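The structure appears below as structure tokens.
Chain A is the first sequence line, chain B the second, and so forth, proteins listed ahead of strands; every chain is numbered from 1. Keep in mind that this is a model prediction, so the values were computed, not measured. In what follows, every heavy atom counts, from backbone to side chain, and hydrogens, waters and symmetry copies are set aside.
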Amino acid sequence: GENVEQHPSTLSVQEGDSAVIKCTYSDSASNYFPWYKQELGKRPQLIIDIRSNVGEKKDQRIAVTLNKTAKHFSLHITETQPEDSAVYFCAASTEQAGTALIFGKGTTLSVSS
Amino acid sequence: NAGVTQTPKFQVLKTGQSMTLQCAQDMNHNSMYWYRQDPGMGLRLIYYSASEGTTDKGEVPNGYNVSRLNKREFSLRLESAAPSQTSVYFCASSESGYNQPQHFGDGTRLSIL
């Protein structure tokens, strides 16, 4: 079945720096890749997603890139702020999992001021 | 518009007790999911229901049962709780089909002694 690997598991940056989180997936049929942000004790919330017919998508300080040939996708956060500190999860959707998503294990991002 | 509502928010059980976690969504979504979240393990799919009347196993179904009561409600049952089932349980829903974002509830924090 699908396997999603996420790196790094922890990431510490200074306020104003950029942060990049990378994910790889195993099923070449996967075609939907969302990113979720989870603050401590809260629910995961969708922050951006990309579909396989698009190579890059931006939303203000957040961008996601997709390389289907290499089977990896990345989350880019520019001009980081302390409120960006959270756990970020990538996920992939594949028909093998029905309508479900397969999640990576998460990246804990800490932004220090 | 409440989104996805989970009850209870917290629960402590003794080994061997049974319990049903409730989930309801008011977004007219067709698909619903149950995940468990453990430290360092990300979100792991327990069961999902692609549409009313169907349920399928996910990655970690052992020790759990589910019921899709109607389009709005999807319950998760632990028949004989074990300490290994101590976790945070999240319910989620999505519109239908593949490649759709999932919306999460606030979670149920379950401890089994």
Side-chain angles (χ1 to χ4, degrees), chain A residues 1-10 21 23 25-27 29-54 57 59 64 66 68 73 86-108, chain B residues 2-7 9-10 23 25 27 29-61 66 68 74 87-109:
Chain A
E2 174 67 286
N3 183 47
V4 177
E5 302 268 348
Q6 183 171 347
H7 299 280
S9 57
T10 60
I21 303 170
C23 289
Y25 60 97
S26 60
D27 186 355
S30 292
N31 50 17
Y32 173 64
F33 307 93
W35 286 88
Y36 286 82
K37 175 183 180 182
Q38 186 180 29
E39 297 176 352
L40 190 63
K42 300 289 180 67
R43 69 177 78 181
Q45 292 195 299
L46 178 74
I47 54 172
I48 195 167
D49 57 9
I50 191 167
R51 291 178 168 77
S52 60
N53 58 343
V54 175
K57 184 177 179 180
D59 183 3
V64 57
L66 172 64
K68 286 222 73 179
F73 57 111
V87 180
Y88 291 81
F89 293 98
C90 63
S93 172
T94 170
E95 286 191 32
Q96 286 186 3
T99 62
L101 294 171
I102 305 299
F103 283 84
K105 288 183 167 51
T107 296
T108 300
Chain B
V4 179
T5 301
Q6 291 183 236
T7 55
K9 295 190 185 307
F10 302 93
C23 176
Q25 52 90 10
M27 296 175 283
H29 285 170
N30 284 306
S31 302
M32 297 185 73
Y33 314 86
W34 277 105
Y35 293 91
R36 62 177 288 173
Q37 185 174 35
D38 303 293
M41 297 298 291
L43 291 152
R44 292 185 292 169
L45 182 67
I46 304 171
Y47 272 93
Y48 69 100
S49 171
S51 61
E52 187 178 357
T54 69
T55 59
D56 286 285
K57 294 178 180 179
E59 182 184 357
V60 289
V66 290
R68 184 72 184 267
F74 188 38
S87 188
V88 181
Y89 291 86
F90 285 100
C91 177
S93 69
S94 65
E95 287 189 6
S96 65
Y98 306 104
N99 305 339
Q100 297 296 323
Q102 293 183 12
H103 303 265
F104 285 80
D106 286 333
T108 294
R109 284 150 184 79

**Q.** A/Q38, part contacting chain B, at a heavy-atom distance under 4.5 Å
**A.**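 Looking at A/Q38, just its side chain touches chain B.
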**Q.** chain B contact via A/Y36 - which portion, at a heavy-atom distance below 4.5 Å
**A.** side chain
Give the minimum heavy-atom separation between [X] and [Y], together with the two atoms involved.
| X | Y | result |
| --- | --- | --- |
| B/G40 | A/K105 | O-CD, 3.5 Å |
| A/K42 | B/R109 | N-NH2, 4.3 Å |
| A/P44 | B/F90 | CD-CE2, 3.8 Å |

Q.
Is B/E59 close to chain A through its backbone or its side chain, or both, or neither, when contacts mean heavy atoms under 4.5 Å?
A. neither
**Q.** Interface moiety of B/D56 toward chain A, non-hydrogen atoms closer than 4.5 Å
**A.** neither
**Q.** Spacing of A/L46 atom CG and B/Q100 atom CD [to the nearest 0.5 Å]
**A.**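 If I round to the nearest 0.5 Å, the distance is 11.0 Å.
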Q | CD on B/Q102 to CZ on A/F103, rounded to 0.5 Å | A | 5.5 Å
